[in-house]
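Remember, it's a predicted structure, so these values are computed and weren't measured experimentally. Residues take their numbers from the sequence shown, with the count starting at 1.
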Amino acid sequence: LRLNDPSRRNVLIWEDCGTESSFDKEVLTHCRLTNSTPRQNAGVVLNYHLVDPLTNPRFEYFIVQINRNDNRVELVRYNGLSLVLENFVTPGAPFAVGDWFEIKAKGEDQGGGLTRITASVRNVTNSAWPTVSFTITTNRWGNDDGFFGIHTNRGRSDFSFWRLYDA
């Protein structure tokens with residue numbers, strides 16, 4: 001699968017009524033960046049859901065992505081209008097175009113309106129590339145009624161598969 005439009009955000013969501021809650025689900029993908037567009041990024045989407053459907057309807061979600069342009073693994077939140085950088089980690093080696101990377105992420109309820117987001121990225125093609133991981137707690141997750149998927153932001157990236165399972 002290739003998310004392919006360099007003029008906008010590309011989001012592919014799996015809307016399954018059997019998901020019930022976006023907590024305690026792990027989403028996993030293998031992706032490959034291309035250098036055919038100026039922006040080189042790819043990621044997974046967490047808790048894609050409609051917020052304020054009657055007064056100010058908009059979709060909000062989180063993304064764990066690799067960003068080759070800035071050489072970092074990022075946690076980004078889409079607030080219905082724009083992408084907001086919430087956290088990032090710089091890997092010990094740059095991302096290589098053509099290598100396959102595994103992105104894994106999940107959200108866990110911490111009570112009191114807090115959610116712990118855990119993310120990791122590893123290079124599937126080159127095992128010597130240093131694995132990157134982080135955990136962050138946020139109060140911006142919102143209702144746990146969202147869906148999961150894959151994402152690029154004005155980039156062109158390949159995804160060999162993606163999987164969602166109970167964590």
Enumerate, atom names and distances included, each donor-acceptor pair closer than 3.5 Å involving a side-chain atom of residues 89-100, sequence neighbours excluded.
residue: Asp99; atom: OD2; partner: Asn123; partner atom: ND2; Å: 2.9

In a table with atom names and distances, give each donor-acceptor pair under 3.5 Å that connects a side chain of residues 103-110 to protein atoms at least two apart or in another chain.
residue: Glu108; atom: OE1; partner: Arg116; partner atom: NE; Å: 3.1
residue: Glu108; atom: OE1; partner: Arg116; partner atom: NH2; Å: 3.1
residue: Asp109; atom: OD1; partner: Gly111; partner atom: N; Å: 2.9

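Asn41 and Thr152 share no donor-acceptor pair across their side chains, judged by distance under 3.5 Å alone. Side chains of Arg156 and Thr34: no donor on one and acceptor on the other come within 3.5 Å.
Listed by chain and residue number, Asp52, Arg58 satisfy the side chain to side chain contact (heavy atoms under 4.5 Å, CB included) test with Asn56 (two or more places apart in sequence, or in another chain). Residues satisfying the side-chain hydrogen bond (donor to acceptor under 3.5 Å, both in side chains) test with Ser22, not counting sequence neighbours, are Asn47, Trp141. Remark: Tyr78 engages Arg9 in a side-chain hydrogen bond (donor to acceptor under 3.5 Å, both in side chains) (not counting sequence neighbours). By the side chain to side chain contact (heavy atoms under 4.5 Å, CB included) test, Ser127 pairs with no residue at all, sequence neighbours left out. Applying the side-chain hydrogen bond (donor to acceptor under 3.5 Å, both in side chains) criterion to Ser7, with sequence neighbours excluded, gives Asp5.
The number of heavy-atom neighbours closer than 6.0 Å to CZ of Phe134, taken from other residues, nucleotides and ligands shown, is above 12.
Gln40 approaches Thr37 most closely through the heavy-atom pair NE2-O, 3.6 Å. Taking each heavy atom of Phe62 and Leu75 in turn, the nearest pair found is CD2-CD1, 3.8 Å.
For residues 26-43, the pairs satisfying salt bridge (charged side-chain N to carboxylate O under 4.0 Å, His left out) are Arg32-Asp158, with sequence neighbours left out. Residue pairs that meet the salt bridge (charged side-chain N to carboxylate O under 4.0 Å, His left out) test with at least one member in residues 132-147, sequence neighbours left out, are Glu86-Arg140. Within the structure, the salt bridge (charged side-chain N to carboxylate O under 4.0 Å, His left out) test picks out the following pairs touching residues 62-75 (sequence neighbours left out): Asp70-Arg72, Arg72-Glu74.
Linking ILVMFWY residues whenever their side-chain heavy atoms come closer than 4.5 Å, directly or via other members, leaves Phe147 and Phe23 in distinct clusters.
Aromatic rings of Tyr48 and Phe148 (six-membered ring for Trp) have centroids beyond the 6.0 Å cut-off, not under it.
Rounding to the nearest 0.5 angstrom, the gap separating the CG atom in Leu1 from the SG atom in Cys31 is 11.5 Å. Annotation: the span from Trp14 atom CH2 to Ile150 atom CD1 amounts to 13.5 Å, rounded to 0.5 Å. Atom CG in Asn139 sits 8.5 Å away from atom OG1 in Thr115 (nearest 0.5 Å). Put simply, CD1 on Ile136 and CZ on Phe88 are 11.0 Å apart, with the number rounded to the nearest 0.5 Å. Atom-to-atom distance recorded for Trp129:CH2 and Arg122:CZ is 11.0 Å, nearest 0.5 angstrom. Distance OG1/Thr29 to CD/Gln65: 13.0 Å, rounded to 0.5 Å.
With contacts defined as side-chain heavy-atom distances shorter than 4.5 Å, the pair Val11/Ile13 qualifies. Residues Thr131 and Val121 have side chains not in contact (no heavy-atom distance under 4.5 Å, counting atoms from C-beta outward).
Under the 3.5 Å distance criterion, the side-chain polar atoms of Asn69 are matched with a main-chain donor or acceptor of Pro38.
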Side chain to side chain contact (heavy atoms under 4.5 Å, CB included) assessment of Trp162 paired with Val44 | CA-CA 9 Å; Trp162 82 273; Val44 295; 5.9 Å; no
Going through the checks in order, is the side chain to side chain contact (heavy atoms under 4.5 Å, CB included) test met by Ile63 and Leu83?
-> CA-CA 9 Å; Ile63 305 158; Leu83 295 169; 3.8 Å; yes
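The hydrophobic cluster of Leu54 has no other members, since no ILVMFWY side-chain heavy atom comes under 4.5 Å of it. Cluster partners of Phe161, using a side-chain heavy-atom cutoff of under 4.5 Å among ILVMFWY residues and allowing indirect links, are Leu28, Tyr165.
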